[in-house]
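In what follows, a structure is listed as structure tokens, so that the remarks can point back to it.
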Amino acid sequence: MPELVFFSGTMDCGKSTLALQIQHNRSARGLQGMIYTRDDREGEGKLSSRLGLATEAIEVADDLDFYTHVIQALTAGGRVDYVIADEAQFLTPPQIDQLARVVDDLEVDVFAFGITTDFRSKLFPGSQRLVELADRVEVLQVEALCWCGARATHNARTVGGQMVVEGAQVVVGDVNRPGNEVGYEVLCRRHHRRRMTAARARAAALSPEVLPVD
Ligand SMILES: Nc1ncnc2c1ncn2[C@@H]1O[C@H](COP(=O)(O)OP(=O)(O)O)[C@@H](O)[C@H]1O
Ligand SMILES: Cc1cn([C@H]2C[C@H](O)[C@@H](COP(=O)(O)O)O2)c(=O)[nH]c1=O
């Protein structure tokens, strides 16, 4: 039975790596997939992993209709055995409905990969629709960790290591960005709530206020 599967997690937990592995294993067995992405850090038309692997992908814009696009590929004589959609948090809710229709009406597996919540811990509209429609929501096995060692469940946006809570929902970027650049850091809920990034925790540890007194 074909499925719509949402592989979800924080940033930097291995989603794109898994997408590339699924693509590799299926194409090694002669299956043909359509690979989509949107706003990958490495640039347009790329699906890239921090492990250094990348593949070409179809860059999705707001007006791309997945169902029509797959039908067009089929009517042009192509085969479509599966669909991969990376950075799925950036897709619109109607596009997620189109992906569900690809599964149900065309009987093609769809694997979507994305972060669930933004830097304010609010659902991205695309991820919300995926949670609503997916046959399965899968959490990745390798856990990203907060600086405290707990499982990271939230994404923080940082400027110069300080967490910010205002700004546009979409700002393409990466973890471990130095200096004053906008970056991201994954945190456990406790430390996301307290806005306690690694930099702030280090500063607090050095502060005389928190040193033990004799
Ligand atoms: N130098 C490295 N050695 C081993 N694993 C790494 C290295 N750099 C990154 N990784 C792994 O890659 C993961 C990030 O993979 P990626 O697919 O880019 O994540 P996502 O798409 O979820 O943001 C990290 O959680 C880590 O497990
Ligand atoms: C939390 C958050 C993230 N983003 C952006 C930053 C990256 O470009 C992608 C996530 O990519 P990854 O492969 O999962 O690391 O999303 C954003 O635009 N807004 C946010 O709040």
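Each ligand, and each atom within it, is numbered from 1 in the order the structure gives.
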ask   = atom 27 (O) of ligand 1: which protein heavy atom is closest, and how many Å away?
value = Val142 CG1, 4.4 Å
request  = Heavy-atom contacts with Val172 under 4.0 Å: which atoms of ligand 2 show up? List them by number with element.
outcome  = 8 (O)
ask   = Is the shortest distance from a Lys or Arg side-chain nitrogen in Arg101 or Asp105 to a carboxylate oxygen in the other one below 4.0 Å?
value = yes
Identity of the nearest option to atom 23 (O) of ligand 1, non-hydrogen atoms only, from Glu143, Arg50, Glu87 = Arg50
request  = Mark the output for Glu87 as yes if a heavy-atom distance to ligand 2 is under 4.0 Å, and as no if none is.
outcome  = yes
task = Looking only at protein heavy atoms, identify the closest one to atom 12 (P) of ligand 2 and say how far it is in Å.
result = Arg41 NH1, 3.5 Å
Protein residue, atom and distance nearest to atom 21 (O) of ligand 2, heavy-atom basis = Phe119 N, 2.8 Å
query = Considering only protein heavy atoms, which is closest to atom 14 (C) of ligand 1, and at what distance to one decimal place?
reply = Asp12 OD1, 3.2 Å
task = For Met11, take its heavy atoms, then give the atoms of ligand 2 lying under 4.0 Å from any of them.
result = 3 (C), 6 (C), 7 (C), 10 (C), 14 (O), 15 (O)
remark   = The closest protein heavy-atom partner of atom 17 (O) of ligand 1 is Thr17 OG1, 2.6 Å
key: Taking atom 4 (C) of ligand 1 as the reference point, the nearest protein heavy atom with its distance   = Leu51 CD2, 3.8 Å
Under 4.0 Å to a heavy atom of Arg50 - the qualifying atoms of ligand 2, by number = 15 (O)
task = Check step by step if side chain to side chain contact (heavy atoms under 4.5 Å, CB included) holds for Lys46 and Thr37.
result = CA-CA 7 Å; Lys46 290 263 186 300; Thr37 190; 5.7 Å; no
note = One finds that the ligand 2 atoms under 4.0 Å from a non-hydrogen atom of Gly173 are 6 (C), 7 (C), 8 (O)
remark   = In ligand 2, the atoms that come under 4.0 Å of a heavy atom of Gln89 are 9 (C), 10 (C), 16 (O)
ask   = Where's the contact between Glu185 and ligand 2, heavy-atom distance under 4.0 Å: side chain, backbone, both or neither?
value = neither
ask   = Under a 4.0 Å heavy-atom limit, does Ile115 contact ligand 2 with its side chain, its backbone, both, or neither?
value = side chain
query = Salt bridge check: are Arg129 and Asp97 linked by an N-O gap of less than 4.0 Å?
reply = yes
ask   = For ligand 2, is there an atom lying under 4.0 Å from some heavy atom of Phe124?
value = yes
Enclosure of Arg41 CZ (heavy-atom neighbours >12, cutoff 6.0 Å) = yes
query = Take atom CZ in Arg79; do more than 12 heavy atoms of anything else shown fall under 6.0 Å from it?
reply = yes
task = Identify the two heavy atoms, one from Asp109 and one from Met1, that lie closest to each other, and give their separation to 0.1 Å.
result = OD1-O, 4.3 Å
message = Please tell me whether Asp62 and Thr92 have a donor and an acceptor in their side chains that are separated by less than 3.5 angstrom.
response = no
message = Does the residue Cys13 have a heavy-atom contact with ligand 1, meaning some pair of atoms that are separated by less than 4.0 Å?
response = yes
task = For atom 2 (C) of ligand 2, grab the closest protein heavy atom and report residue, atom and distance to one decimal in Å.
result = Tyr184 CE2, 3.3 Å
Closest protein heavy atom (residue, atom, distance) for atom 16 (O) of ligand 2 = Phe90 CZ, 3.3 Å
query = Minimum heavy-atom separation for Arg194 to Arg200, with atom names?
reply = O-NH1, 3.1 Å
request  = Report the C-alpha distance between Phe66 and Leu91 in whole Å, list the side-chain angles of each, state the deciding distance to 0.1 Å, and finish with yes or no for side chain to side chain contact (heavy atoms under 4.5 Å, CB included).
outcome  = CA-CA 11 Å; Phe66 282 100; Leu91 302 179; 4.0 Å; yes
message = Gln89 vs Glu87, test: side-chain hydrogen bond (donor to acceptor under 3.5 Å, both in side chains). Steps then yes/no.
response = CA-CA 5 Å; Gln89 72 275 6; Glu87 307 294 350; 2.8 Å; yes
task = Report the part of Asp86 (side chain from C-beta onward, or backbone N, CA, C, O) that has a heavy atom under 4.0 Å from ligand 1; answer both or neither where that applies.
result = neither
ask   = Just which atoms of ligand 2 are under 4.0 Å from any heavy atom in Lys15?
value = 14 (O)
query = About how many Å separate CD of Glu143 and SG of Cys188, when rounded to the nearest 0.5 Å?
reply = 12.0 Å
message = Closer than 4.0 Å to some heavy atom of Gln169 - which atoms of ligand 2 meet that?
response = 17 (C), 18 (O), 19 (N), 20 (C), 21 (O)
message = Run Asp39 and Glu59 through side chain to side chain contact (heavy atoms under 4.5 Å, CB included) and show every step you take.
response = CA-CA 8 Å; Asp39 292 332; Glu59 184 73 23; 3.9 Å; yes
task = Determine, step by step, whether Leu187 and Met163 satisfy the side chain to side chain contact (heavy atoms under 4.5 Å, CB included) criterion, reporting the C-alpha distance in whole Å, the side-chain angles of both residues, the deciding distance to 0.1 Å, and the verdict.
result = CA-CA 11 Å; Leu187 298 173; Met163 184 168 160; 4.2 Å; yes
task = With rounding to the nearest 0.5 Å, note down the distance linking CZ in Phe111 to CD in Gln23.
result = 11.0 Å
task = Kindly indicate whether atom 7 (C) of ligand 1 is approached by any protein heavy atom to under 4.0 angstrom.
result = yes
note = Among non-hydrogen protein atoms, atom 19 (O) of ligand 1 lies closest to Gly14 N, 3.0 Å
note = For Val171, the atoms of ligand 2 under 4.0 Å from one of its heavy atoms are 4 (N), 5 (C), 6 (C), 17 (C), 18 (O)
query = Does atom CZ of Arg193 have more than 12 heavy-atom neighbours from other groups under 6.0 Å away?
reply = no
task = Could you tell me whether Ser48 and ligand 1 have an N or O pair separated by under 3.5 Å?
result = no
